[in-house]
Amino acid sequence: MLKIYNTLTNQKEDFRPIDPNNIGIYVCGMTVYDFCHMGHARVLVMFDVITRHMRRNYPNVQYIRNITDIDDKIISRAIENNEDIYSLTNRFIDAMHEDEKALGVLSPDIEPRATDSIDHMIDMIELLSKKGLAYEGKNGDVFYSVRKFRNYGKLSGKNLDDLVAGARVDIESNKQDPLDFVLWKKAKPSEPKWSSPWGEGRPGWHIECSAMSTHFISNHFDIHGGGMDLTFPHHENEIAQSEGANNCKFVNTWMHVGFVNINDEKMSKSLKNFFTIRGVLDKYDGETLRYFLISSHYRSPLNFSDTNIESAKSALKRLYTATKGFSSSKKIDVKVGMTFDYEDRFDAALNDDFNTPIALSILFEIAKQVNIERSKDSEHAASLAQLLKKLGNYLGILEYDAELYLQQGSELSEAEVSIKINQREEARASKNFAMSDQIRDELLTLGIILEDSIDGTSWRRK
RNA sequence: GGCUGGGUAGCAAAGCGGUUAUGCAGGGGCCUGCAAAGCCUUAUAGACCGGUUCGACUCCGGUCCCAGCCUCCA
């Protein structure tokens, strides 16, 4: 039984699908005015792990992740660059796709752009107006009347009076209540605009997710996720909009991914302490990064540092090393009873609120067993290695041939290394160990490590 | 101030009321011509104070500290 921590109830709950044959997942994606950073990477990778696991357990999982391609930041960045918003957003959408590919993230089933769903948003705002939940302010903007929605605050555990007392609410004379939020913004001259019953303008941020999730999935669906900072106000407002408009429960399970921190502080654009995915990929391969991101539980904070990624790199290398030599496509039957309950325990870990650290620890148990069996029972070792690769793939790691992975980024070609290895073999055969060690040291300075075994000498990158 | 989380060994990170988490790094050993990898072995935990219990890192209460949200943010 899959258990998921639900932000709505602040506890782990049994996941009971609305329709087991049709699971709906909606995740708030990127606002595309800049390159994705490590925080985005964590959300991308975690929901990739989550949907991969869901797909193994349910026949049809519909995964939707939107793209916010219209908002204030996009507009101001486009003006700054003196370019059309679409040329800006298209560029960063392409960049995002490159990044997620490098991280081994599978594409969502649908990736709707806000600007393609303006009609659905207008429909929803009209519905809210009809129900008396929305009103037009003095400046022509349309607002949601938060106090008219009974359950406002249920997701984030806030109550309206506390929010007012917090005094961090802006004084906005156009609103009836300072907590009300914008559904539709009147266009200023030279801003991108769409026509609507309230004149030309553009949608507020929150309405797009309510409109797109209900349109592409249903008024009521299973899982809605995003980064933790979206809990309030974004997701709270989505609930107000969707439930206010449709008179039914919006989402059963709300999932929120913890932050990536720098020196124990949230990584964010406003703090200017962020690292872009592509910046990190200059130094580390995508799978190392992915391993790093899944090495802690998705709700815990994750501290980003070179030391921590280096340690992820070493750990992943250990798993690859264990599968080395078994990567041939030769089909081996996994012997019943010889793999113990590794796979069951692996599944149980993921079923327990997607506990990737435990799932990974089981991969290490298998790796150790492969190493032990290697010299004793090679067939058993091979079947374990196959299992290791299979379970790794479920998490989106161990996707490459071990040999190739361990040799990637080498300055010398395969052939060049082979020549050196052969020279060294000759030296060793004639017991000229000074010479053989010299060759090995020479390669080491080029970042290449040689490993002698009964099967001969193999090499890998340091 | 209100609301969430959290404080675990050198570092990272989990589960668990009593039995080895796991990885990286360290010590000793085996293997090796020497290495590397691997295997065996080993040390180092549970912020603090009380309580419940035969027994608590794990449950309850309190204290201290940290992070996040309450404003755009994944």
Colleague: Nucleotide by nucleotide, 5' to 3', does protein get under 4.0 Å of the base (B), only the sugar-phosphate (S), or neither (-) in nucleotides 7-18 of chain B, counting heavy atoms?
Modeller: -----SSSS---
Colleague: Please state whether the rings of A/His234 and A/Trp205 are parallel, tilted or perpendicular, taking 30° and 60° as the class boundaries.
Modeller: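 Geometry flag for A/Trp205 against A/His234: parallel rings.
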Colleague: Quick test of your reading of the model: are A/Glu100 and A/Arg65 salt-bridged, counting only N-O distances below 4.0 Å?
Modeller: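 Counted as a salt bridge, because a side-chain N and a carboxylate O are separated by less than 4.0 Å.
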Colleague: Base, sugar-phosphate alone, or nothing: which one does A/Asp72 contact when heavy atoms must sit under 4.0 Å apart?
Modeller: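 The residue A/Asp72 makes no contact with any strand.
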Colleague: Using the ring-ring contact (aromatic ring centres under 6.0 Å, His included) rule, take A/His53 and A/Tyr394 through it: C-alpha gap first, then chi angles, then the decisive distance, then the call.
Modeller: CA-CA 7 Å; A/His53 183 67; A/Tyr394 286 165; 8.5 Å; no
Colleague: By side chain to side chain contact (heavy atoms under 4.5 Å, CB included), which residues pair with A/Ser296, not counting sequence neighbours?
Modeller: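 Residues passing side chain to side chain contact (heavy atoms under 4.5 Å, CB included) with A/Ser296: A/Arg42, A/Leu302.
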Colleague: What are the atom names and distances for every N/O pair under 3.5 Å that joins the protein to nucleotides 32-35 of chain B?
Modeller:
residue, atom, partner, partner atom, Å
B/G33, N7, A/Arg428, NH2, 3.4
B/G33, O6, A/Arg424, NH2, 3.4
B/G33, O6, A/Arg428, NE, 3.2
B/G33, O6, A/Ser436, OG, 3.4
B/G33, N1, A/Asp437, OD1, 3.0
B/G33, N2, A/Asp437, OD1, 3.3
B/G33, N2, A/Asp437, OD2, 2.7
B/C34, O2, A/Arg440, NH2, 2.4
B/C34, N3, A/Arg440, NH1, 3.0
B/C34, N3, A/Arg440, NH2, 3.4
B/C34, N4, A/Asp452, OD2, 3.0
B/A35, N6, A/Asp452, O, 3.2
B/A35, N1, A/Asp452, N, 2.9
B/A35, N3, A/Arg440, NH1, 3.1

Colleague: Per the side-chain contact (heavy atoms from CB on, under 4.5 Å) rule, which among A/Ile25, A/Asp109, A/Ile223 passes with A/Val61?
Modeller: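 Going through the options one by one, the only one that passes is A/Ile25.
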Colleague: Taking for each residue the nucleotide of RNA chain B with the nearest heavy atom, is it A/Gly157 or A/Phe364 whose nucleotide lies nearer the 5' end?
Modeller: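 By nearest-heavy-atom nucleotide position, the 5'-most residue is A/Gly157.
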Colleague: Distances for protein N/O vs nucleotides 40-43 of chain B N/O pairs under 3.5 angstrom?
Modeller:
residue, atom, partner, partner atom, Å
B/C40, OP2, A/Lys368, NZ, 3.3

Colleague: Over 60° means perpendicular and under 30° means parallel, so tell me whether A/His224 and A/His235 are parallel, tilted or perpendicular.
Modeller: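 Perpendicular.
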Colleague: Return the pairing partner of B/C64 with a 3.5 Å limit on both distances, Watson-Crick or G-U wobble; otherwise return none.
Modeller: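 B/C64 is paired, partner B/G7.
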Colleague: For B/U4, does either OP1 or OP2 sit under 4.0 Å from a side-chain N or O belonging to A/Asn10?
Modeller: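 So the side chain of A/Asn10 is outside the cut-off, no N or O lying under 4.0 Å from OP1 or OP2 of B/U4.
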Colleague: Calculate the interatomic distance between A/Leu388 atom CG and B/U22 atom C1'; express it in whole Å.
Modeller: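 In whole Å, B/U22 C1' and A/Leu388 CG are 14 Å from each other.
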Colleague: Have A/His97 and A/Glu111 got a donor and an acceptor in their side chains that come within less than 3.5 Å?
Modeller: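 Side-chain D/A pair, A/His97 to A/Glu111: present.
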Colleague: With both distances under 3.5 angstrom, what nucleotide forms a Watson-Crick or G-U wobble pair with B/C39?
Modeller: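 Result: B/G29.
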Colleague: Establish, from distance only, whether the side-chain atoms of A/Gln62 and A/Tyr26 form a donor-acceptor pair under 3.5 Å.
Modeller: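 Looking only at side-chain atoms, A/Tyr26 and A/Gln62 do not form any donor-acceptor pair under 3.5 Å.
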Colleague: So does A/Lys269 reach the base of B/C73 with its side chain, donor to acceptor, closer than 3.5 Å?
Modeller: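 No such pair is found, so the answer is no.
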Colleague: If you measure from the Lys or Arg side-chain nitrogens to the Asp or Glu carboxylate oxygens, is any gap between A/Lys390 and A/Glu343 under 4.0 Å?
Modeller: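 Yes, this pair counts.
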Colleague: Give every pair of a protein N or O atom and an N or O atom of nucleotides 26-31 of chain B that lie under 3.5 Å apart, one pair per line with the distance.
Modeller:
none

Colleague: Given the rule in the side-chain hydrogen bond (donor to acceptor under 3.5 Å, both in side chains) test, do A/Ser436 and A/Lys431 qualify, once you have shown the distances and angles that lead to the verdict?
Modeller: CA-CA 9 Å; A/Ser436 96; A/Lys431 303 240 188 271; over 6 Å; no
Colleague: Hey, is the side chain of A/Lys266 pairing donor to acceptor with the base of B/C73 inside 3.5 Å?
Modeller: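 Side chain to base: pair found, below 3.5 Å.
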Colleague: Output yes when A/Glu98 and A/Arg278 qualify as a salt bridge under the 4.0 Å nitrogen-oxygen rule, no when they do not.
Modeller: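 Salt bridge: yes.
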Colleague: Quick one: do A/Arg147 and A/Asp180 satisfy salt bridge (charged side-chain N to carboxylate O under 4.0 Å, His left out)? Show the steps, please.
Modeller: CA-CA 8 Å; A/Arg147 290 200 184 262; A/Asp180 292 346; over 6 Å; no
Colleague: Would you confirm whether the ring centroid of A/Phe92 sits within less than 6.0 angstrom of the ring centroid of A/Tyr33?
Modeller: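 Ring centres of A/Phe92 and A/Tyr33 not closer than 6.0 Å.
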Colleague: Pick base, sugar-phosphate or nothing for A/Phe232, based on heavy-atom distances below 4.0 Å to the nucleic acid.
Modeller: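 The residue A/Phe232 makes sugar-phosphate contact but no base contact.
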Colleague: Starting at the 5' end of RNA chain B and moving along, which residue's nearest nucleotide shows up first, A/Gln11 or A/Val260?
Modeller: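 It is A/Gln11 whose nearest nucleotide is closer to the 5' end.
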Colleague: When the ring centroid of A/Phe221 is compared with that of A/Phe250, is the distance short of 6.0 Å?
Modeller: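 Yes, they do, as the ring centres are separated by less than 6.0 Å.
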Colleague: Relative to each other, are the rings of A/His37 and A/Phe274 parallel, tilted or perpendicular (30° and 60° limits)?
Modeller: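 Tilted.
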Colleague: Can you tell me how far C1' of B/A74 sits from CG of A/Leu293, to the nearest Å?
Modeller: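 Interatomic distance, CG of A/Leu293 to C1' of B/A74: 12 Å.
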Colleague: Whom does B/C69 pair with, Watson-Crick or G-U wobble, provided both distances fall under 3.5 Å?
Modeller: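 Result: B/G2.
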Colleague: With both distances under 3.5 angstrom, what nucleotide forms a Watson-Crick or G-U wobble pair with B/A13?
Modeller: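 Per the H-bond distance test, none.
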Colleague: Pick the P atom in B/U22 and in B/A36, then give their distance to the nearest Å.
Modeller: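 Nearest-Å result for B/U22 against B/A36 at atom P: 23 Å.
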Colleague: Is the gap between the ring centers of A/Phe304 and A/Phe275 under 6.0 Å?
Modeller: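 Under 6.0 Å, so yes.
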Colleague: When you look at A/Gln386 and A/Ser383, which way does the side-chain hydrogen bond (donor to acceptor under 3.5 Å, both in side chains) test go after all the steps?
Modeller: CA-CA 5 Å; A/Gln386 189 177 275; A/Ser383 68; over 6 Å; no
Colleague: Within this structure, what is the CZ-to-P distance between A/Arg299 and B/C69, rounded to whole angstrom?
Modeller: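 The answer, rounded to whole Å, is 18 Å.
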Colleague: Return the residues of residues 32-52 of chain A meeting this criterion: a heavy atom under 4.0 Å from some atom of RNA chain B. Order them by number, or give none.
Modeller: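 The answer is A/His37, A/Gly39, A/His40, A/Val43.
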